[in-house]
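The next block holds one structure in the form of structure tokens; read it before the comments.
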Amino acid sequence: MEQTVQLRSAEDCFDVVVIGGGVNGTASLRELSRAGYSTLLAEADDLASGASGRSSRMLHCGLRYFETVNPVRDFVGNPQRFFSALSMARDAMEARRELALDDEVDTRAIELSFPAWTDGPFPRWQISAGLRLLGLIGPKDPPLDRHVRNARETRNHPIGRHLRNPDKLTGMVSFREYLFGAPERLCIDNALDAETHGAELCLQTRAEILGKDTDGLWRIALESRKDGRGREVRARSILNMAGTWSDTVGDFGKRLICGTKGAHIIIRLPDGFADRGIATLHRGGHPFYGLPLGDDRFYFGPTETLFEGDARDIQADNEDIEFLLGEARHLLPGLDLKRGDIEQCWAGVRPLTSDPRYPMGARARTIHDLGPQGFENVLAMTGGPVMSHRSAGRLMLEQVRARIGAPRDATLSARKAEAPAKTRVDPVIEAVTREHAFDLNGVLSKRAGATWKSLVGHDAAMQTAQEIAPHLSWDATRTNNEVFQFLARQAKEFGVPAAPK
């Protein structure tokens, strides 16, 4: 099923137009559609094409919000910072409970361990105290399963035996953490749920806010990237959920986004690392994780550098590779990791909140009311992590309701959508017939997750292309071109760059 934009009457009018098909945009679309609002989603590429599909894949409990070298001094001296950290940590624990206990969300539990050394970065008591605090402010289920190990026990642990400076180890604190199996599916499932409740999905569609019409409704120009055809719609409210591209949607008179690049490398590790991970600060002072991807594949990351370019061109470069490999070797010298051990890599851009007080962007989720900039009933969200997308959707529903009131058509809120019948359909075929995939990348990377298991070879890509070709009206030439484009994109987004000579 090809996604196209059809020219329609200027009477096209919606309660809300959502711009951006990432996890927060689709979560907002889902909540609004379920509440009876008429909605349209405009996504310039594919669902989960930005940060949502390139994250560290963690559903973390919020412990990182307490990370500071001198917690007593820093939090006592800055109570506002402490209460902000407390609020974000509580929200993280709530999101952990909601998603980890939902059978429809692909998550898995791992044992995540923070080692402690006499030379830092954190003493064992601080890590343990942070987990105790989380247990007090957050839900009890699922449990954190906190386990404090001494130095001897740490050196006998499957990961601990490979750690640096075993003579300076004071112990390790482990707890239950969760990873998303496929963050991309969150976006796809949200969008499909919204569609069953009447939302219109426009992928490969650029959106531009034109201004208000004589009725006080916002005019939005939609342009198909596929064939250049255009359409204009109107809306009572607009949600700018374009993530890294939020500043390109309109001229808002202020900068919304500060982008930071996060890169990762994937390496195969020996027995004992399955379902176990490690966390610390790297030598630059930012969080550094080693996490199980599945089977014997393990990934290290992320980097933390400012990014000013176009996020569509993001990729892990040699500087990222050398940094991550160096930090992994420093943390786990017993593994004797080499560049040749790296099988894949990836990078993304975090759409953090632009704030002069934080040169690397503010991590707190922020809702921007763009009314003072002349955009009444236009809202934007920045800094919203993947794990809190459901609460983000509920929050945006509240914001819209407070501004425009009830849905225009009250009968929509009473309608109960019928879920599509569950039939045994080939997932590849379903990706293009029901899930709006329009190219091989959308099938193999976004919906099937094949590229996260290993790089897809030419023969496998061609087999999939030939399977979906009849459904997308591809002839032999188009099919070959699609395979070529997919392999080139895969090499750019997941391939390891050649080492500098």
Side-chain angles (χ1 to χ4, degrees), residues 16 18-37 39 41 43 47-48 50-62 64-65 87-109 134 137-142 176-199 201 239-243 350-353 363-368 379-402 413 417 419 435 446:
V16 187
V18 179
I19 302 174
V23 70
N24 290 312
T26 57
S28 301
L29 185 79
R30 176 179 182 267
E31 293 296 330
L32 288 161
S33 301
R34 281 176 166 244
Y37 290 91
T39 57
L41 174 73
E43 163 55 48
L47 299 168
S52 300
R54 296 166 175 260
S55 73
S56 292
R57 309 172 79 81
M58 289 187 68
L59 173 56
H60 68 76
C61 62
R64 67 169 301 173
Y65 297 126
S87 176
M88 289 189 292
R90 183 186 299 111
D91 289 345
M93 285 289 285
E94 291 288 350
R96 176 179 181 267
R97 176 184 60 82
E98 182 175 15
L99 294 171
L101 298 181
D102 188 337
D103 292 337
E104 295 185 359
V105 179
D106 182 10
T107 61
R108 64 189 180 102
L134 286 174
I137 65 173
K140 302 298 184 288
D141 192 29
R176 185 195 297 192
E177 191 61 286
Y178 287 86
L179 300 180
F180 288 111
E184 303 86 352
R185 289 296 324 182
L186 299 173
C187 304
I188 295 161
D189 293 341
N190 282 338
L192 294 177
D193 185 286
E195 189 175 39
T196 66
H197 287 82
L201 307 184
L239 298 188
N240 177 4
M241 312 293 280
R350 308 174 189 89
L352 304 181
T353 304
R363 288 187 174 271
R365 185 174 67 191
T366 304
I367 295 177
H368 305 264
L379 302 167
M381 176 180 284
T382 56
V386 172
M387 65 182 187
S388 63
H389 70 279
R390 286 191 174 175
S391 66
R394 293 189 288 264
L395 188 56
M396 297 311 284
L397 169 62
E398 293 174 6
Q399 294 286 328
V400 167
R401 183 180 284 137
S413 60
E435 297 179 345
K446 302 300 182 189

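Keep in mind that the numbers below use all heavy atoms, side chains included, and drop hydrogens, waters and symmetry copies.
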- Query: Which is it for Leu186 and Val105 under the side-chain contact (heavy atoms from CB on, under 4.5 Å) test, yes or no, and what are the steps along the way?
  - Reply: CA-CA 8 Å; Leu186 299 173; Val105 179; 3.9 Å; yes

Nearest heavy atoms of [X] and [Y], plus distance in Å:
X	Y	value
Met396	Ser28	CG-OG, 3.4 Å
Asn24	Ala392	OD1-CB, 3.3 Å
Ala199	Thr39	CB-OG1, 3.2 Å
Pro139	Glu94	CD-OE2, 4.0 Å
Val23	Val386	CG1-CA, 4.0 Å
Gly25	Met241	CA-CB, 3.7 Å

- Stepwise side-chain contact (heavy atoms from CB on, under 4.5 Å) check, Ser388 with Arg365: CA-CA 9 Å; Ser388 63; Arg365 185 174 67 191; 3.4 Å; yes

For [X], give me all partners under side chain to side chain contact (heavy atoms under 4.5 Å, CB included), at least two apart in sequence or on another chain.
X	answer
Pro142	Arg96, Arg97, Ala100, Leu101, Arg176, Tyr178
Thr26	Leu41, Leu47, Cys187, Asn190, Ala191
Ala92	Tyr65, Met387
Thr382	Leu256, Ile257, Thr353, Thr366, His368

- Show the numbers, then the answer: is there a salt bridge (Lys or Arg N to Asp or Glu O under 4.0 Å) between Arg185 and Glu435? CA-CA 10 Å; Arg185 289 296 324 182; Glu435 297 179 345; 3.1 Å; yes

When you measure from the side chain of [X] to the backbone of [Y], do you find a donor-acceptor pair of N or O atoms at a distance under 3.5 Å?
X	Y	result
Arg57	Gly181	yes
Lys446	Ala48	yes
Ser56	Met58	no
Glu43	Gly21	yes

Kindly indicate whether the side chain of [X], heavy atoms from C-beta on, has any atom under 4.5 Å from the side chain of [Y].
X	Y	result
Ser52	Pro183	no
Leu239	Val400	yes
Leu192	Glu195	yes
Leu201	Leu29	yes

- Task: Check salt bridge (charged side-chain N to carboxylate O under 4.0 Å, His left out) between Glu398 and all other residues, then give those that pass, not counting sequence neighbours.
- Result: none

- How would you list all residue pairs meeting salt bridge (charged side-chain N to carboxylate O under 4.0 Å, His left out) that involve residues 21-31, not counting sequence neighbours?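 Counting only pairs at least two positions apart or across chains, the salt bridge (charged side-chain N to carboxylate O under 4.0 Å, His left out) contacts touching residues 21-31 are Arg30-Asp193.
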
- Item | From NE2 (His389) to CE (Met381), nearest 0.5 Å |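 Between atom NE2 of His389 and atom CE of Met381 there are 12.0 Å.
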
- Nearest-0.5 Å distance, CZ of residue Arg34 to NE2 of residue His197: 4.5 Å

- List the steps, then state whether side-chain contact (heavy atoms from CB on, under 4.5 Å) holds for Arg390 with Asp102. CA-CA 12 Å; Arg390 286 191 174 175; Asp102 188 337; 2.8 Å; yes

- Task: Step by step, work out the side-chain contact (heavy atoms from CB on, under 4.5 Å) result for Ile367 and Leu395.
- Result: CA-CA 9 Å; Ile367 295 177; Leu395 188 56; 3.3 Å; yes

- Query: Would you call Glu98-Arg394 a salt bridge at under 4.0 Å N-O?
  - Reply: yes

